[in-house]
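This report refers to the structure that appears directly beneath it.
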Number of protein chains: 2
Amino acid sequence: MNAVANKNLSRIQREKRSKIQKAALEVFSEYGLRSATLDKIATACGLTKPNILYYYSSKDQIYFEVLNGLLDEWVAPLHKISKEGEPIDELLGYMKAKLKMSKQKPKESKLFANEILHGAPLMQNILATSLRQTLDEKVAVIDHWVSEGKLANVSGYHLFFSIWAMTQHYADFDVQVKAILDKNEDELFQEAEEYLTNLLLRMLSFPTELTVSTKSS
Amino acid sequence: MNAVANKNLSRIQREKRSKIQKAALEVFSEYGLRSATLDKIATACGLTKPNILYYYSSKDQIYFEVLNGLLDEWVAPLHKISKEGEPIDELLGYMKAKLKMSKQKPKESKLFANEILHGAPLMQNILATSLRQTLDEKVAVIDHWVSEGKLANVSGYHLFFSIWAMTQHYADFDVQVKAILDKNEDELFQEAEEYLTNLLLRMLSFPTELTVSTKSS
DNA sequence: TAAATTTTTGACCAAATGGACAATTATTCT
DNA sequence: AGAATAATTGTCCATTTGGTCAAAAATTTA
């Protein structure tokens, strides 16, 4: 229900807009809205500045479009958490999906991180309504699981915060991670997944169940 | 061993420089280096732009000074981790110190977050040498504790990454946190500390020890 | 193919911004 | 007090940047 604007566009328009958005993601994720320039975006997509402004009315417009175009995809894994599923599997799956996004879409991650870091001027509304509502629902599911004794007693909200923080850390702060750990990316994310799997298992299981899943290396 | 430059400064110089740095932290943490302006800093500290440039040779110079002036303080809690102490206490203490900094120094946290998010142009060197060395040492301590059976088997590096990520999340992404959880700050950080204490206890303890520290609400 | 429409671009503009500088004011020193 | 020094500021400048616009080029339509 997102990319509505693509309806009556010619081939050439669709192509150019897509090109611009890709380049814009590149530039915005590296520099942020305010210090990204139209010239940089223009260079990145091989168009001229006025040509870009023929397709988008302003820099802010491009930024808004890019951000919004990615939003649904960004929140998608959250929707996949099913109250019908096995609690720990669902939450491990969510963590893995988020970690995968950090690996495969670091630019998107940085774009959102930068936006929120600077006060989320364009998204505060969405955060406080749409995201919040979805999260409330999922937290209710977690509370239900806890009350059924299927999950150790945890705060759903803080659980989500920590999953977001830990998974996105590998994308947003990759410079720091790589300065400290000079592994290749595959190895790094493999380690991260093992670490976070272990962490969540310990966090969500009852101690008696834990002995089973704790493996000594 | 940091604030060396304050040596031969007059009272008036020390005062003004301090004023400027405070205002600069304010502005840089909100806007980042590139989109912070000297005018904003000038307004924030009640000086004129040329007057600021009388004390610092350039905007970049101010940024560098602020960042460096905060670095030692920022890494300090890491140094306090003592191999003589009780492993879990030491690591819980570290987490609490970091969380406290997120609560009391969110601007500093955002400043560093922004710097690293955009590639750490001014700090990459420090990250890869000084921070990395310190962290290597502390990870060695953790490995030692693990080999002595005083700590569950965890990757020290990923443990630190996750502590950083989870604690700083409450400062760096406070807009998002507050959009979802409308508690007051004290309450929020109290909850976070309980959650993270529980998380670390579960992560670092052996399952048999866990039953003791797991309290049901 | 010729007219109509869409796309592209070079040239230009106004505002914002980092910074220079000389002149003025305040402070310190003798 | 008066000279010397330090601090402050108004004015100015060059560059960057978002954006305009009219003309040219390319494409589509009839």
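Sequence lines set the chain letters: A, B, ... in the order given, protein chains first and strands last, and positions in each chain run from 1. Atoms considered below: every heavy atom in the structure, side chains included; atoms not considered: hydrogens, waters and symmetry mates.
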Base, sugar-phosphate or nothing for [X]? Non-hydrogen atoms, less than 4.0 Å.
| X | value |
| --- | --- |
| A:Ala36 | sugar-phosphate |
| A:Leu53 | base |
| B:Ile12 | sugar-phosphate |
| B:Tyr56 | nothing |
| A:Lys49 | base |

query: When only distance counts, do a donor and an acceptor, one from the side chain of B:Lys59 and one from the base of C:dG19, lie under 3.5 Å apart?
result: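 No pair found.
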Ring geometry between [Y] and [X] (parallel below 30°, tilted from 30 to 60°, perpendicular above 60°):
| X | Y | result |
| --- | --- | --- |
| B:Phe160 | B:Tyr94 | perpendicular |
| A:His169 | B:Trp164 | tilted |
| A:Tyr170 | A:Phe189 | tilted |

Taking [atom1] from [X] and [atom2] from [N], how many angstroms apart are they, rounded to a whole number?
| X | N | atom1 | atom2 | answer |
| --- | --- | --- | --- | --- |
| B:Ile52 | C:dA20 | CD1 | P | 14 Å |
| B:Asp39 | C:dA15 | CG | P | 16 Å |
| B:Ile41 | C:dG19 | CD1 | P | 10 Å |
| A:Gln61 | D:dG19 | CD | C1' | 14 Å |
| A:Leu38 | C:dA14 | CG | P | 19 Å |

task: Could you check which of C:dA20, D:dT17, C:dT17 has an atom nearest any side-chain atom of B:Pro50?
output: C:dA20
- prompt: Counting side-chain heavy atoms from CB outward, which of D:dC21, C:dT7, D:dA7 is closest to A:Lys16?
  reply: C:dT7
statement: All heavy atoms of B:Leu181 vs all of B:Glu191, minimum pair found to be CD2-OE1, 4.0 Å
- request: With DNA chain D as reference, determine whether A:Lys40 or A:Ser57 sits nearer its 5' end, using the nearest nucleotide of each.
  value: A:Lys40
OP1, OP2 of [N] versus side-chain N and O of [X]: anything below 4.0 Å?
| X | N | answer |
| --- | --- | --- |
| B:Asn51 | D:dA7 | no |
| A:Gln13 | C:dT6 | no |
| A:Tyr54 | C:dT9 | no |

- request: Verify salt bridge (Lys or Arg N to Asp or Glu O under 4.0 Å) between B:Lys105 and B:Glu73, making sure each step is shown before the conclusion.
  value: CA-CA 11 Å; B:Lys105 297 179 179 294; B:Glu73 183 188 0; 3.1 Å; yes
- request: For B:Arg34 and for A:Leu47, locate the closest nucleotide of DNA chain C by heavy-atom distance; then report the residue assigned to the nucleotide nearer the 5' terminus.
  value: A:Leu47
